[in-house]
Amino acid sequence: MKRIGITLGDPAGIGPEISIKAFAKKDLYERCQPLLVGDACVVEKYLQAHPELDLKINVVEEPDQGKYVYGTIDLIDLKAVDIDQLAIGEVSAMAGNAAFQYVKKVIELALDKKIDATVTNPLNKEALNLAGHHYAGHTEIYADLTHTDKYTMMLADGNLRVVHVSTHVSLREACDRATKERVLDVIRIADKACKNLGIKNPRVAVAGLNPHCGENGLFGREEIEEINPAVEAAKAEGINAFGSLPADTVFSKANGGMFDIVVAMYHDQGHIPLKLLGFVYDQEKQSWQAVQGVNITLGLPIIRTSVDHGTAFDQAGKWSASELSLENAIDYAIRLAENS
């Protein structure tokens, strides 16, 4: 079975809770060898509060020292947290630094071929930057530490998969980044990602930037000058690409099975349809019924999947957070590792 390195995430957020809930399920050990990277003191604090789980921690220094049996959480302890100083549900430099160290460690393990894939729990960008690690998020950390220039984010939930031409930039800058070169790079990455998931001849849909794809230049010329030429170049390379297609309908078509993946032009264009499907709020119970979906960084020399939600400081410590997205991320990591 594939060995999967899982970060604890920001220790003040819901990462520890959903990690423990995932490790408490026997079928996880039937699918992979899960290895947690974090702080043993944080995990122990939650386990002491929930003795009914009957889980034990096995601290290891190297992945091959793990037992990988149900009932035991194999964990590399980075000792980055003073448990007496940790304020659950609050932003802090200590927690931000700890989250960064966990990510750095799993990247090193993957580059050294000691694990087959990495899965990340959520970190808090403010805490990360307070700790002196000036990144916009996980994606940028992975790109920097793996020396990767061409990469993109993919979100997935069920039949719907979305990759992005740009993510954590202003909307004004996102428009400038929708160049032929960048769109073509993302189409190539999207095609390769689908093949790595076992899809033999992926159908890659490319969304337009402007309403109605610009209506032949009436509402903008980016489709004419940048996006459509990228689609034609991809077709010339043998990629089964379609577009540009109006963004207000292309995601529904992909979710219905017409396309295997959609290239979105900017962050919210791709995130909104995914989270509309995967995030289900129960108005009657005043709580989230489901929080699922996966965030995957493509173009890296290693495999990285992640939950598709944040640290949820408002839920931290309440034992109410859903582990569904983490389970989805682990399943995608296994699938990618088996096809790589």
Review point. Same cluster or not: are Y102 and V59 linked, directly or through other Ile, Leu, Val, Met, Phe, Trp or Tyr residues, by side-chain heavy atoms under 4.5 angstrom apart?
Key: yes
> Is the side chain of E140 donor-acceptor paired with the backbone N or O of G137 at a distance under 3.5 Å, no angle test?
Replying inline: yes
ask   = Short question: side chain of S325, backbone of V307 - any donor-acceptor pair under 3.5 Å?
value = no
**OP:** Take Y68 and L35 through the test side-chain contact (heavy atoms from CB on, under 4.5 Å) and record every step on the way to the result.
**Re:** CA-CA 8 Å; Y68 304 113; L35 173 68; 4.1 Å; yes
* Asked: Would you find a donor on one side and an acceptor on the other, under 3.5 Å apart, between the side chain of E223 and the backbone of L209?
  -> yes
Legend entry - Check: D112 side chain, K114 main-chain N or O, donor-acceptor pair, under 3.5 Å: no
Problem set entry | V103 with I330, same ILVMFWY side-chain cluster at under 4.5 Å | yes
- Within a strict 4.5 Å, meaning less than it, do heavy atoms of the T167 and T139 side chains meet? no
Worksheet item: Taking C-beta and beyond as the side chain, do T72 and Y29 meet within less than 4.5 Å on heavy atoms?
Response: no
Practice prompt. State, without any angle test, whether N228 and S244 hold a side-chain donor-acceptor pair at a distance under 3.5 Å.
Written response: yes
task: Start with the C-alpha gap between M265 and I227, add the side-chain angles, then the distance that decides, and say whether side-chain contact (heavy atoms from CB on, under 4.5 Å) holds.
output: CA-CA 9 Å; M265 290 300 115; I227 301 171; 3.7 Å; yes
Can we say D116 and R3 salt-bridge, meaning some charged N sits less than 4.0 Å from an Asp/Glu carboxylate O?
no
From the list V263, V163, V262, I189, side-chain contact (heavy atoms from CB on, under 4.5 Å) with V204 holds only for V263
Can you tell me if N216 has over 12 outside heavy atoms packed within less than 6.0 Å of its CG? no
- Query: Is it true that D185 and R188 have a side-chain N and a carboxylate O under 4.0 angstrom from each other?
  - Reply: yes
Test your reading of the model: is there a side-chain donor-acceptor pair from N97 to the backbone of A93, 3.5 Å cut-off? no
(message) Tell me if the NZ atom of K235 is crowded by more than 12 foreign heavy atoms within 6.0 Å.
(response) yes
One should read off an interatomic distance between L53 CG and K25 NZ, to the nearest 0.5 angstrom, of 11.5 Å
Test item: E226 and V183 side chains (from C-beta on) under 4.5 Å apart, heavy atoms:
no
- Does E30 pair with K26 as a salt bridge, N-O distance under 4.0 Å? no
Test: K195 and D191 ion pair at under 4.0 Å
yes
Measure the shortest side-chain to side-chain distance between L298 and N196 over non-hydrogen atoms and say whether it is less than 4.5 angstrom.
no
Strictly distance-based, threshold 3.5 Å: is any side-chain N or O of T7 a donor or acceptor partner for the main-chain N or O of N121?
yes
* Quick check: are there more than 12 heavy atoms from other residues, nucleotides or ligands sitting under 6.0 Å from CD of E108? -> yes
(message) Test your reading of the model: is there a side-chain donor-acceptor pair from D77 to the backbone of A40, 3.5 Å cut-off?
(response) yes
Item to check | Polar contact flag, side-chain donor to acceptor under 3.5 angstrom, T120-Y142 | outcome: no
So does M153 get a backbone contact from the side chain of T297, meaning a donor-acceptor N/O pair under 3.5 Å?
no
| request: Please examine the side chains of L128 and I141, heavy atoms only from C-beta on, and report whether any two atoms are closer than 4.5 Å. | output: yes
Separation between CG (L274) and CG (L160), nearest 0.5 Å, reads 5.0 Å
Original post:
With a 4.5 Å heavy-atom cut-off, do K104 and V106 have their side chains touching?
Top reply: no
Interatomic distance, OG@S320 vs CD1@I14, rounded to 0.5 Å, equals 8.5 Å
To the nearest 0.5 Å, atom NE2 of H50 lies from atom CD of E17 at 7.0 Å
>> I'd like to know if K2 and E338 make a salt bridge, using a cut-off of under 4.0 Å between side-chain N and carboxylate O.
In response: no
Q) For the hydrophobic clusters of this structure (ILVMFWY residues joined by side-chain heavy atoms under 4.5 Å, transitively), does one cluster hold both V42 and L55? A) yes
*Between R161 and L197, is any pair of side-chain heavy atoms under 4.5 Å apart?*
yes
Rounded to the nearest 0.5 angstrom, the NZ-NE2 distance for K125 and H133 is 15.5 Å
| Heavy-atom donor-acceptor pair, N295 side chain to L155 backbone, under 3.5 Å | no
dist L123:CG -> S306:OG (nearest 0.5 Å) comes out at 8.0 Å
Query - M154-I272 co-clustered via ILVMFWY side chain contacts under 4.5 Å - result: no
Say whether I224 and V231 are linked into one hydrophobic cluster, either directly or through other cluster members, by side-chain heavy-atom distances under 4.5 angstrom. no
- Item | Heavy-atom side-chain proximity of R177 to H164 below 4.5 angstrom | no
**Request:** Check the side chains of N58 and D74 for a donor-acceptor pair under 3.5 angstrom, ignoring hydrogens and angles.
**Result:** yes
